[in-house]
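Everything below concerns the one structure shown next.
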Amino acid sequence: MATKKEEKQFEKERKAANKARYKKMKKEGLEKYLTPEQIRYNKNQKLVGMVWPIFRFFILFGLSFVILYPLIFMFSTAFRPSDQMSDPSIIWIPKTFTLSNIKDTWDVMRYDSTILNTIRLNLISSCLQVLTCSITGYGFARFKFKGKNLLFAIVILMIIVPPQITTIPLFMQYRYLFPLDLFGVQTDQGLIDSSLTMYLPALFANGIKAGLFIFIFRQFFRGLPKELEDAAYLDGCGPLKTYIKVMVPNAKSSFLTVFLFSIVWYWNDFYVSSSFFINNSENQTVALALKNLDKNLENQLFQNQSVSIRMIIVWLESGCILAIAPLLVMYIFLQRYFIEGVERSGLVG
Amino acid sequence: MSKTKTAGTKPPKQKGLKIPYERRKALYGYGFIALWAIGSIYFFIIPLIKSLIYSLYETKVAEGGLQLTKFGLHNYVDAFRHDQNYSKALVSMLQHTALTTPLILIFSIFIAVILNQKFKGRTFARAVFFLPVIIATGPVISIINGNMSTGGYAGGSEQFSTMFETNLVDQLLNYLGIMNISDSLSEIINTLTTDIFNLVWNSGIQILLFLSALQNIPFSAKEAAQMEGATAWEYFWKITIPYISPMILASLVYTIVDSFVDPSNEVMEIVLRKSSQEWQHGYSAAMAWAYFAIIGIVLAIVVAIVNKFVYYEVD
């Protein structure tokens, strides 16, 4: 097998040869070699090849602007003093820069403790989730058993049913420690406001978007050649050992993709965490802090006066920056894996 | 059983081999999914059934759980016949989804085809277009959206809103005099132009899916098309679309589900308000279930129709 570099070299040489041949053909008169249709086709292709990149540039540039606009706006507002927000002479670049917005927001969000808590919650849940979802996905991909289709239908149902339907009964289960309350166990608030409400579902492959992850893993494992397993079985591995020693190393890229997406979804989740965590508790996540930011700002910076968005926008935007900064940093470094991972993870087919 | 007797006639039996191979594998299969199965009973099935039960009762919050009274379908009847907002929100939600889903799909196929071509700065362009994937699911998007929709009040975003909300297309259509020919067409064009922000921000995952499908088109198909002298247009319809059609189905389902379960859509807002602020859990559950049933029906119809046109290479 030629390496990538060599392949590139071949491609280059092939193109150069083609060009040289075409030049030679042109010299001797194209009509000798090609039919009129072919000549027209080539001309059209050449024209498209010249015009299209310009179009493409404009389309991509315009749409990139639409996507990047809120981010640029965020950075432009977060560092400008609040009174310069209503200055009509300022559009993008403020006259003076200030870090006080960030500092105020930092205090209101209790950012240092919040972010540590979020990272802890996030990493533990994502790791558990990836682990258990991959095991389940493998079970669905490679074993035949009764009721498999029915069980897989539940996985599909998990993807489709919105979490809003199950939240309230789940809340009751956590609050009264469901199977235990039948035996007379009573607690103050049960599992509510404890990180276990995140860890436990993740441990049992039922965390946020778990259905989707099981589905991805199943598709991926189905795409791996069966011979891999047969070889492992012949060498005397049991299924579990085969899974750990043979399948997992082969599924690395898929694991990484699911792990990254899991981190993103846990990081951004505010619905599930807002249902099971008490507002402003020690356990709050960054997303939750951001969700409550406007109320907390009113409380702490404006002495409970109600304020319009216009007045607190600088703090809101700095809150946004604080909330997505870790994700953005991660994305910049691992962007490759987000994109390539999905391509390789066998989501297709 | 003595060792010496069996050794001559049969190979020595190993422990556990009594269960036939197939059965044993099946058992291992159950083992692999056991964790999930237990979990989904507790975290998914029971809550699901419970909420279905709630939806049939009048609920009252009491010590030790919910007090259930008055069994019957009255919650569902109320939702559709007495609630002023619910059916209205439902209809507008369906309309909105029917309008934006095809737009998102077409748009993301288009972008994916572009991002699949070779050009300078492709990595950067891809990075930018997938950025919504990591941001759009979080609360940040609602603040961003707030900036956009409050337009004039939110300070610096005026330029943006004027850029996308002046309805230049509307005026152009009026000017050309074709505004009145087809209202639905102009509505689609209007959605496309005024809502381009939401369109772009909601199609990150779909672009990702289509891009991965595009890269799986075998090179031989490309080569054959070139040999036959296919134009880019023909290539797109005869090669690209059939090959990515399974992904079209997948992203269609994803888009519909995504737009239905988005906590910021109208119906979801009503459902959540009823349960979290007005404490009418039973009523809220009934609304959610009716809503979910409608999603199910819509999805089933769409999948059944689209599935006819999907091309699977391995058959």
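Below, read A as the first sequence line, B as the second, and so on, with proteins coming before strands; counting in each chain starts at 1. Note that the coordinates shown come from a computational prediction; the quantities given were computed from them, not determined experimentally.
With a 4.5 Å cut-off on non-hydrogen atoms, V155(A) touches chain B through its backbone and its side chain both. With a 4.5 angstrom heavy-atom cutoff, I111(B) touches chain A only via side-chain atoms. If you measure heavy-atom distances from M330(A) to chain B, you find no contacts under 4.5 Å at all. The part of V257(B) that comes within reach of chain A is its side chain, from C-beta onward, which places non-hydrogen atoms under 4.5 angstrom from that chain. Proximity to chain A is absent for every atom of F260(B), based on heavy atoms less than 4.5 angstrom apart. Contacts between F55(A) and chain B at a heavy-atom distance below 4.5 Å are absent for every atom of the residue. Contact of Y291(B) with chain A is not made at all, since no heavy-atom distance falls under 4.5 Å. V133(B) touches chain A through backbone and side chain together, each having a heavy atom under 4.5 Å away. Neither the backbone nor the side chain of K120(B) has a heavy atom closer than 4.5 Å to any heavy atom of chain A. Interface residue I59(A): only side-chain heavy atoms are found under 4.5 Å from chain B. Using a 4.5 Å cut-off between heavy atoms, W267(A) makes no contact with chain B at all. Interface remark: I53(B) contributes no atoms to any contact with chain A (heavy atom separation under 4.5 Å). With a 4.5 Å cut-off on non-hydrogen atoms, I165(A) touches chain B through its backbone and its side chain both. Only the backbone of L203(A) has a heavy atom closer than 4.5 Å to any heavy atom of chain B. Of the two parts of L157(A), the backbone and the side chain both hold a non-hydrogen atom closer than 4.5 Å to a non-hydrogen atom of chain B. In this structure, the portion of A230(B) lying under 4.5 Å from any heavy atom of chain A is its backbone and not its side chain. For V161(A), the parts lying near chain B are the backbone and the side chain together; criterion is any non-hydrogen pair under 4.5 Å. In this structure, the portions of K146(A) lying under 4.5 Å from any heavy atom of chain B include both its backbone and its side chain.
Y138(A) and F217(A) have their aromatic ring centers separated by at least 6.0 angstrom. F130(B) has its ring centre no less than 6.0 Å from the ring centre of Y331(A). F140(A) has its ring centre less than 6.0 Å from the ring centre of W36(B).
Residue W289(B) forms a side chain to side chain donor-acceptor pair (under 3.5 Å) with just one option from S51(B), S55(B), S284(B), and that option is S51(B).
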* Show your working on side chain to side chain contact (heavy atoms under 4.5 Å, CB included) between L71(A) and L68(A) and close with a plain yes or no. => CA-CA 5 Å; L71(A) 291 183; L68(A) 289 178; 4.1 Å; yes
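Contact annotation: the side chain of S64(A) never approaches that of F124(B) to less than 4.5 Å [non-hydrogen atoms, C-beta and beyond]. Inter-residue side-chain proximity for I45(B) and I49(B) is flagged as met; some heavy-atom pair is nearer than 4.5 Å.
Cation-pi geometry between R142(A) and F221(A) is not met: the NZ or CZ atom fails to fall both under 6.0 Å from the ring centre and inside 45° of the normal.
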